[in-house]
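Notes follow once the structure below has been shown.
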Amino acid sequence: MNQDNIYTMFLRIITEYEYLDFSEDELMEEFMEILCMAVPEVQLQGVCEDLGCDVDFGLSHDVDVQSAYILAHACVLIWVLPKVNSSEMLAYALTSTDFTLFSPANRLQACMKLQAEVQAKLNHLINDYHSRSVMSEMKKQVDGN
């Protein structure tokens with residue numbers, strides 16, 4: 001799977017209507033920046049360690065489906081983080097009533113919820129990835145003996 005597949009997964013996870021005003025080239029340019037930031041995030045956790053990413057050229061090689069899915073979730077986390085950071089700053093100035101009355105406050109709350117959900121999902125996916133790797137290695141050793 002390549003960056004186009006990861007991009008499709010990314011778009012299925014998020015709902016961002018402002019992207020409707022972007023051209024396809026603008027969308028891909030913004031996504032490639034996000035993807036190149038997501039690659040080191042997952043590499044630090046032991047996934048896709050040999051993968052490189054260049055904003056202009058994309059991924060250094062294709063990845064398997066599970067790695068692509070992990071990268072898509074990491075991209076969502078990178079995408080939502082600035083929104084959450086700004087919403088946390090704004091949340092200090094808002095009362096609980098604001099979150100029930102104003103849609104911008106509700107949107108900020110939704111971003112914060114998305115960030116928490118994606119972080120939990122990403123951690124689960126990475127743990128599952130490592131478990132499968134360990135099981136695969138153990139199976140190879142057993143089969144070899």
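Bear in mind that the values here come from a model prediction, so they are computed numbers and not experimental data.
- For S67 (side chain) and V63 (main-chain N/O), no donor-acceptor pair under 3.5 Å exists by modelled atom type.
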Criterion side-chain contact (heavy atoms from CB on, under 4.5 Å) on I6 and L59, from CA distance to verdict | CA-CA 11 Å; I6 298 167; L59 299 175; 3.7 Å; yes
Show the numbers, then the answer: is there a side-chain contact (heavy atoms from CB on, under 4.5 Å) between E26 and F31?
-> CA-CA 8 Å; E26 290 171 324; F31 175 72; over 6 Å; no
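- We find the CE-CD distance between M138 and Q141 to be 7.5 Å, quoted to the nearest 0.5 Å.
- The two residues M9 and A72 come nearest to each other via the heavy atoms CB-CB, 3.5 Å.
- In this structure a side-chain-to-backbone donor-acceptor pair under 3.5 Å is missing from S136 to R132.
- Between atom CG of residue L114 and atom NZ of residue K121 there is a gap of 12.5 Å, rounded to the nearest 0.5 Å.
- Rounded to the nearest 0.5 Å, atoms CG (N123) and CG (D128) are 12.5 Å apart.
- Between the NE2 atom in H61 and the CG atom in L51 there is a gap of 5.0 Å [rounded to 0.5 Å].
- With hydrophobic clusters built from ILVMFWY side chains whose heavy atoms lie under 4.5 angstrom apart, I126 shares a cluster with V65.
- Here the straight-line distance linking atom CD of E30 with atom CG of L35 works out to 12.5 Å at 0.5 Å rounding.
- Shortest non-hydrogen contact noted between V118 and H73 is CG1-O, 3.3 Å.
- For the residue pair M1 and A68, the shortest heavy atom distance occurs at SD-CB, 3.8 Å.
- Nearest heavy atom pair, residue P40 against residue M37, reads CD-O, 3.3 Å.
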Step by step, work out the side-chain contact (heavy atoms from CB on, under 4.5 Å) result for L27 and Y7.
-> CA-CA 10 Å; L27 284 172; Y7 175 63; 3.2 Å; yes
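- One finds the CD1 atom of I34 at 6.5 Å from the SG atom of C75 (value rounded to the nearest 0.5 Å).
- With 3.5 Å as the limit, one finds no donor-acceptor pair spanning the side chains of N5 and T8.
- Residues M32 and C53 come closest through the heavy atom pair CE-SG, 4.3 Å.
- Classification of the W79-F10 ring pair by plane angle, with boundaries at 30° and 60°, yields perpendicular.
- Within a 6.0 Å radius of NE2 in H124, no more than 12 heavy atoms belonging to other residues, nucleotides or ligands are found.
- Applying the side chain to side chain contact (heavy atoms under 4.5 Å, CB included) rule to E41 yields the partners I78; only residues at least two apart in sequence or on another chain are considered.
- When all heavy atoms are compared, the tightest approach of D4 to M28 is OD1-CE, 3.1 Å.
- One N or O on the side chain of Q43 and one on the backbone of C48 form a donor-acceptor pair closer than 3.5 Å.
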